[in-house]
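All residue numbers refer to positions in the sequence shown, counting from 1. Just follow the structure's listing: the first ligand is 1, and inside any ligand the first atom is 1.
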Amino acid sequence: MAAPAPIAALVQMTSSIDPDANLAAMDAALAEAAAAGAAMAFFPEMSVLLDRDRARSAPHIVREADSVWPGRLQTMAQRHGLWLHTGSMPLLSDDGERRVNRSHVIAADGSIRARYDKIHMFDVTLPSGESWRESAAFAGGDAVVVTDTPLGRLGLSICYDLRFPELYRALVDAGATLLAVPAAFTVPTGRAHWHILLRARAIETGCFLFAAAQAGAHADGRTTYGHSLAVDPWGDILSDGGPGVDAPAMEGDAAPSRVALVSVDASAVETARQAIPLAESRALRRLKI
Ligand SMILES: O=C(O)CNC(=O)[C@H](CS)NC(=O)CCC(=O)C(=O)O
């Protein structure tokens, strides 16, 4: 008999401006995921610290070599015996000049298997007036990153990257069968675009997609869309975390996380890619521009 399909855990969070509280919430979510038999857990963008106030967050944000956060997450992976995708955390670039929005993939033995710096900066003013200038503090990365995991070969991306399909084509060309899209989406753009874009990326790549999301009212004053989504390579939604929970009662308290479990049957990738042979069709096409 074939081995049972491995289980992925998607953790929906309402991260606060307190890294210790956020790390404690991540630890609790990992305990829950491990108890349920998950092989790998996925966290949202800025799981460790969500703070749009640059001055207030500055003392926390250091170079990776000087940061205690990766090490604490490595210890958690080891202690709970599962792989994890950190979502992301803010760190200083090695030259100390700018911030980077960085994901880590950590194996169950605690080793860091991949790092990814968010490429596309969210510099957008929405019709509502909500305005974001990610590039004012952060420098975008330029590396396309894939890494092998117990669930398959994982291609890395973060949040606003979702809107750039050419990145996902590059990840598939590098062998990805799974995609991570940790996010902290705004509510209006989430309502309009989140499910559609995630399902489109899964369908056009023939990949499983894991999009763990920030959700609800945060201590830094923003509200995020939530709806952590797992999508299979045919575009079916395996799990939807729904909207956010309320902010924690006391500042510094960890908001409860929601852990969703999905079974990842790797054969679904081949099945979807055989049913609709995009790679072959692409190789045969001739465009006149
Ligand atoms: O900086 C942080 O604390 C966390 N990062 C974010 O919130 C980022 C950059 S400001 N947000 C997005 O990319 C939202 C994208 C989005 O909502 C869309 O594409 O519609």
Side-chain angles (χ1 to χ4, degrees), residues 11-19 21-23 25-26 42-62 67 69 85-93 98-104 116-141 156-168 179-201 209 211-229 241 243-244 247 255:
V11 184
Q12 181 155 301
M13 298 178 68
T14 309
S15 291
S16 76
I17 60 174
D18 177 351
N22 296 328
L23 285 161
M26 294 171 83
F42 293 84
F43 290 98
E45 182 181 24
M46 296 297 181
S47 54
V48 179
L49 174 61
L50 191 92
D51 192 352
R52 66 182 301 180
D53 185 323
R54 277 166 73 181
R56 181 175 56 199
S57 59
H60 291 297
I61 300 177
V62 298
S67 175
W69 297 337
H85 178 288
T86 56
S88 77
M89 63 180 75
L91 293 165
L92 285 186
S93 56
R98 311 280 283 176
R99 295 178 179 183
V100 292
N101 187 341
R102 182 170 295 165
S103 299
H104 295 81
Y116 168 73
D117 290 348
K118 184 180 186 184
I119 294 173
H120 301 92
M121 296 290 99
F122 190 50
D123 292 347
V124 170
T125 301
L126 301 175
S128 63
E130 182 172 347
S131 177
W132 292 92
R133 287 287 171 273
E134 190 171 25
S135 68
F138 285 84
L156 303 189
S157 69
I158 300 177
C159 199
Y160 183 54
D161 284 334
L162 173 61
R163 295 179 182 275
F164 301 86
E166 62 274 17
L167 171 60
Y168 299 89
L179 301 168
V181 193
F185 246 56
T186 72
V187 172
T189 60
R191 278 198 190 118
H193 301 150
W194 175 250
H195 291 77
I196 293 170
L197 289 175
L198 288 169
R199 294 184 69 195
R201 295 296 91 85
L209 185 152
Q214 295 284 357
H218 299 265
D220 79 343
R222 85 174 89 170
T223 303
T224 54
Y225 179 64
H227 291 276
S228 296
L229 226 62

Colleague: Can a donor-acceptor pair be found between the side chains of Ser57 and Arg52 at a distance below 3.5 Å?
Modeller: no
Colleague: Using a 4.0 Å heavy-atom cut-off, say whether Arg52 meets ligand 1 through its side chain, its backbone, both or neither.
Modeller: neither
Colleague: In terms of atom number and element, which parts of ligand 1 are under 4.0 angstrom from non-hydrogen atoms of Glu134?
Modeller: 9 (C)
Colleague: Give me each pair satisfying salt bridge (Lys or Arg N to Asp or Glu O under 4.0 Å) with a member in residues 211-229, each pair once, sequence neighbours excluded.
Modeller: Asp220-Arg222
Colleague: Under 3.5 Å, N or O to N or O, is Asp51 touching ligand 1 that way?
Modeller: no
Colleague: Which of the atoms in ligand 1, numbered in the order shown and given with their element, are less than 4.0 Å from a heavy-atom of Thr186?
Modeller: 17 (O)
Colleague: Just need the protein heavy atom nearest to atom 12 (C) of ligand 1, so name the residue and atom and give the distance.
Modeller: Cys159 SG, 3.1 Å
Colleague: Between Arg201 and Leu162 (side chain of the first, backbone of the second, donor and acceptor by atom type, cut-off under 3.5 Å), is there such a pair?
Modeller: yes
Colleague: Which of the numbered atoms in ligand 1 are below 4.0 angstrom from a heavy atom of Thr189?
Modeller: 16 (C), 17 (O), 18 (C), 20 (O)
Colleague: Strictly under 4.0 Å, does any heavy atom of Glu45 approach an atom of ligand 1?
Modeller: yes
Colleague: Testing the basics here: between Asn22 and Ser47, what is the closest heavy-atom pair and its distance to 0.1 Å?
Modeller: CB-O, 3.2 Å
Colleague: What atoms in ligand 1 come closer than 4.0 Å to a heavy atom of Ala184?
Modeller: 7 (O), 11 (N), 14 (C)
Colleague: To check your reading of the model: name the closest protein heavy atom to atom 16 (C) of ligand 1, its residue, and the distance in Å.
Modeller: Phe122 CZ, 3.4 Å
Colleague: Please confirm whether Lys118 comes under 4.0 Å of ligand 1, counting heavy atoms of the residue only.
Modeller: yes
Colleague: With under 30° as parallel and over 60° as perpendicular, where do the rings of Phe164 and His120 fit, or are they tilted in between?
Modeller: parallel
Colleague: Could you tell me the separation between the CZ atom of Arg133 and the CE atom of Met121, rounded to the nearest 0.5 Å?
Modeller: 13.0 Å
Colleague: Where do Arg54 and Arg99 come nearest, in terms of heavy atoms and distance?
Modeller: O-NH2, 3.1 Å
Colleague: Determine whether the side chains of Asn101 and Tyr160 contain a donor N or O and an acceptor N or O closer than 3.5 Å.
Modeller: no
Colleague: Give the residue, atom name and distance (to 0.1 Å) of the protein heavy atom nearest atom 10 (S) of ligand 1.
Modeller: Trp132 CE3, 3.4 Å
Colleague: Quick one: does any side-chain atom of Gln214 pair with a main-chain N or O of Pro44 as donor and acceptor, under 3.5 Å?
Modeller: no
Colleague: List the closest protein heavy-atom neighbour of atom 18 (C) of ligand 1: residue, atom name, distance to the nearest 0.1 Å.
Modeller: Phe185 CZ, 3.3 Å
Colleague: Give me the nearest non-hydrogen protein atom to atom 4 (C) of ligand 1 as residue plus atom name, then the distance to 0.1 Å.
Modeller: Met46 CG, 3.2 Å
Colleague: Examine distances only and state if a side-chain atom of Ser228 and a backbone atom of Ala213 form a donor-acceptor pair shorter than 3.5 Å.
Modeller: yes
Colleague: Tell me, which protein residue and heavy-atom name are nearest atom 19 (O) of ligand 1, and how many Å apart are they?
Modeller: Arg163 NE, 2.7 Å
Colleague: Does Arg222 have a non-hydrogen atom less than 4.0 Å from ligand 1?
Modeller: yes
